[in-house]
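Down below is the structure, laid out as structure tokens.
Side chains are part of it too, since the values below use all heavy atoms of this structure and drop only hydrogens, waters and symmetry mates. The model shown is predicted, which means the values in this text are computed figures rather than measured ones.
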Amino acid sequence: MNRFERLAAPGVRGLKPYVPGKPPEALERELGVRDIIKLASNENPLGPGPLARAALEGSTGKVGLYPDGGGHDLRSKIAARHGVDLAQVTLGNGSNDVLVLLAETFLTAGVEAVYSEHAFAVYPIAVQASGATARVAPALPAGGAQPLGHDPAALLAAIGPDTRVLFLANPNNPTGTWLDEAALDALLRAVPPEVIVVLDEAYHEYATGHGVPDGTRWLRRHPNLVVTRTFSKAHGLAGLRVGYALSDPDVADLLNRVRQPFNVSLPGLAAAAAALEDRAHLEATVALNRSGIARLREGLAKIGVGASPSAGNFVLADLGRPAAAVNDALLRQGVIVRPVGNYGLPNHLRVSTGTAEQNERLLAAMAASLATVP
Ligand SMILES: *Cc1c(COP(=O)(O)O)cnc(C)c1O
């Protein structure tokens, strides 16, 4: 019973907080388990690269000062990398921040936002908090080429006269599915120009080998397109919280009105700018992930667990039965993965790729868990 709920904004009433991957410290506290591996939050098992580490260390003596609220250096480097204007770049405290800024800017009671079933959990939270109404498009069937993935036709059908925003992740988390260039091109052409399309490319760096397009190529053709990226995933800076949006300057201008003046920290700005230059670390990360995805899929298949192809740094394991007990057994062995019941997937677990050693430990623990759980 929350005594103040009736005082809360309507969108906040009944809202459930985002459930993050369990921190290792929490597992140690709760079950006394030691030697824990966490493959639950799609973090980079290599962590930050050497350039980002050096920049981070170099920044610590400066944290008595506020960061550059305009993020000029990082925004210039991002703009140069993507061949866009500085005025098209909006920084966020993680791309999560940018997603919330978009909801704050374009959503309110009486309008609608569209996203797919099994889409990233932040979309429903941001939409509901804004007071807007969510229209959830049915996902593709489990048996097809992109199992449980976004269905462009269903997304289009969910768009109506009150729709302000369409959220879509490519590739999607937690399904690992993607839309190819032709599908995305056609979808963008079909969406009315007064609907803001938020194309969430948090896993883009991992996805290029699958023919997943770089959505920034359509920014000029579609002023209603907003592409979001993050330093949390392939760049290995999840703990620093840095992400960004690329958009038409007029959209960026609106986001900048609601953005907190110092939403990215000084160490975050410094490390992200350095990470952008570290091609070698990015290549090592992507290569490690490619072998990790293959090994996890093959190893899981051997113990009777299906996992579809994934363009991200995780696989969605289908246990074919309620996953909660298997997840508990994994936790007791010190292996943290992600239950996805809150994504409407109670029989699945999402497993991030780790180091080769961590992947083997996951596979052994999964086999043991399946054998002990009736
Ligand atoms: C991880 C993730 C993000 C953003 O994470 P940040 O750390 O806030 O940048 C955004 N979208 C999807 C689909 C993700 O999985």
Exercise for the section: Kindly determine whether Arg295 and Leu363 satisfy side-chain contact (heavy atoms from CB on, under 4.5 Å), including the steps that lead there. Expected result: CA-CA 9 Å; Arg295 175 63 186 136; Leu363 290 169; 3.7 Å; yes
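- Sorted by first and then second residue, the salt bridge (Lys or Arg N to Asp or Glu O under 4.0 Å) pairs with a member in residues 45-59 form an empty list; sequence neighbours excluded.
- Environment of CD in Glu357: sparse, with no more than 12 heavy atoms of neighbouring residues, nucleotides or ligands closer than 6.0 Å.
- Under the 4.5 Å side-chain heavy-atom criterion for ILVMFWY residues, no single connected hydrophobic cluster contains both Leu349 and Tyr343.
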Please output the side-chain donor-acceptor pairs of residues 133-161 that fall under 3.5 Å, not counting sequence neighbours, one pair per line with the distance.
residue: Arg135; atom: NE; partner: Glu112; partner atom: OE1; Å: 3.2
residue: Arg135; atom: NE; partner: Glu112; partner atom: OE2; Å: 3.2
residue: Arg135; atom: NH2; partner: Glu112; partner atom: OE2; Å: 2.9
residue: Gln146; atom: OE1; partner: Trp178; partner atom: N; Å: 2.9
residue: His150; atom: NE2; partner: Ala169; partner atom: N; Å: 3.4
residue: Asp151; atom: OD1; partner: Ala153; partner atom: N; Å: 3.0
residue: Asp151; atom: OD1; partner: Ala154; partner atom: N; Å: 3.4

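- Shown here is His72, whose NE2 atom has no more than 12 heavy atoms of other residues, nucleotides or ligands within 6.0 Å.
- With hydrogens and angles disregarded, a donor-acceptor distance shorter than 3.5 Å links the side chain of Gln88 to the backbone of Ser247.
- Panel note: side chain Arg164, backbone Leu107; no donor-acceptor pair is recorded below 3.5 Å.
- Note: Phe120 and Phe167 fail the aromatic proximity criterion, with ring centroids not under 6.0 Å apart.
- The main-chain N or O of Lys38 is never found under 3.5 Å from a side-chain atom of Gln358 such that the two would form a donor-acceptor pair.
- A side-chain N or O of Ser352 and one of Asn42 form a donor-acceptor pair less than 3.5 Å apart.
- Counting heavy atoms of neighbouring residues, nucleotides and ligands inside a 6.0 Å radius, atom CD of Gln260 does not exceed 12 of them.
- Considering every non-hydrogen atom in both Leu282 and Ala234, the closest pair reads CD1-CB, 3.7 Å.
- Grouping the Ile, Leu, Val, Met, Phe, Trp and Tyr side chains by contacts below 4.5 angstrom, directly or via other members, places Val335 with Val326.
- Although no hydrogens or angles enter the test, the distance criterion places a donor-acceptor pair under 3.5 Å between the side chain of Arg13 and the main chain of Arg6.
- Side-chain atoms of Asn347 do not come within 3.5 Å of backbone N or O of Leu319 as any donor-acceptor pair.
- The two residues Asn224 and Pro193 come nearest to each other via the heavy atoms CB-O, 3.3 Å.
- Residue Asn93 holds its CG atom at 6.5 Å from CG of Asn263, rounded to the nearest 0.5 Å.
- Tracing side-chain contacts under 4.5 Å through hydrophobic residues (I, L, V, M, F, W, Y), one reaches Leu225 starting from Leu246; they form part of the same cluster.
- Using a cut-off of 4.0 Å between Lys/Arg side-chain N and Asp/Glu carboxylate O, Asp185 and Arg189 are scored as salt-bridged.
- Side-chain N or O atoms of Arg220 include none that pairs as donor or acceptor with a backbone N or O of Arg217 at under 3.5 Å.
- Not a single donor-acceptor pair under 3.5 Å links the side chain of Ser116 to the backbone N or O of Ala119.
- Shown here for Val98 and Gly92, the closest heavy-atom pair between the two residues is CG2-CA, 3.7 Å.
- Listed for the Arg81 side chain is a donor-acceptor partner under 3.5 Å among the backbone atoms of Leu276.
- Residue Val100 is found outside any hydrophobic cluster, as its side-chain heavy atoms come under 4.5 Å of no other Ile, Leu, Val, Met, Phe, Trp or Tyr.
- With 3.5 Å as the limit, one finds a donor-acceptor pair spanning the side chains of Gln333 and Ser369.
- Side-chain N/O atoms of Arg350 and Asn173 include a donor and acceptor closer than 3.5 Å.
- Tyr244 has its ring centre less than 6.0 Å from the ring centre of His82.
- Heavy-atom contacts from other residues, nucleotides or ligands closer than 6.0 Å to CZ of Arg221 number more than 12.
- The backbone N or O of Glu43 sits nowhere less than 3.5 Å from a side-chain atom of Ser41 that would complete a donor-acceptor pair.
- A donor and an acceptor atom, one from each side chain of Tyr18 and Asn96, are nowhere located under 3.5 Å apart.
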